[in-house]
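In each ligand, atom 1 is the first atom listed, and ligand 1 is the first ligand listed.
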Amino acid sequence: MEFLISEGYDGMSRSAADVVKSVIVDDPSCVLGLATGSTPIGMYACLVKDCKEGEVSFKDVTTFNLDEYVGLPGEHDQSYRYFMDTNLFDHVDIDKARTNLPDGCAGNLEQMCAEYEQKIQDAGGIDIQVLGIGHNGHIGFNEPCDDFPVATHPVDLTESTINANSRLFSDVSEVPRSAVTMGIGTIMKARKVIVLANGDGKADIVKAAFTGPVVPSVPASVLQLHPDVTIVLDSAAASKLDI
Ligand code: PGA
């Protein structure tokens, strides 16, 4: 595990964008695993800037997002499809037909999950997976539980995640109660993983996840077992690490 520690949110965003950019430059038809949330917004802004300045092209890139709410169509401004369109896809030269998110409106969610998993495999697997980390250690919507879920699956959200995400909705009652997420096994199969975290509020979970025991009650801790993980932090999120 490698730690990349930068000054402030902008520094973290630039470092993370540089890691993703170098993967695309090395292999212009690579497969990106992408994440939503507040944390990667700055990284996406850096990648948009880099694309506009001709430093990187998404023309042949394929993407798979980690997760999506159940029941929110892509036009809903809190859906993760909408997030990805507005923060990245609409501003770079990507072919939208190559951008994939789980379909949270599918009639048969179990079948959709199996097909999503297959589609990732058919694309050759994920070259780099971008992750945020929840205050409870979740990655994607893999919440703390008794085991590590293997594949893409539907999930009921915990109260802590519903409350954390309610800041983006006009009322907590509007936050979907369930979602679809890649499993821990899906994430662990990615050839490279980067985890982004910034701010004091993430310092405790960063320490627990990346220096504590590997336990399913802290889902991100499993990444300690991955052969190629870079943890990209600002100094506040890194402040409780002994490194
Ligand atoms: P955040 O969410 O980036 O909005 O803090 C991270 C996560 O819940 O994975």
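For ligand 1, the 4.0 Å heavy-atom shell takes in Gly37, Ser38, Thr39, Gly132, Ile133, Gly134, His138, Arg167, Lys202, ordered by chain and residue number.
The aromatic rings of Tyr44 and Phe83 sit perpendicular to each other, their planes meeting at more than 60°, with 30° as the lower class boundary. Taking the six-membered ring where tryptophan is involved, the planes of Phe210 and Phe3 are perpendicular, since the angle between them exceeds 60° and thus also 30°.
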Extract all donor-acceptor atom pairs below 3.5 Å that involve side chains of residues 58-66 and protein atoms in other chains or at least two apart in sequence.
unit_1, atom_1, unit_2, atom_2, d
Asn65, ND2, Leu34, O, 3.3

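Once rounded to the nearest 0.5 Å, the distance linking NZ of Lys192 with CD of Gln129 reads 13.0 Å.
Pairs engaging residues 175-186 under the side chain to side chain donor-acceptor pair (under 3.5 Å) rule: Glu117-Thr186 [sequence neighbours left out].
Judged as a salt bridge (Lys or Arg N to Asp or Glu O under 4.0 Å), and not counting sequence neighbours, Asp156 has no contacts.
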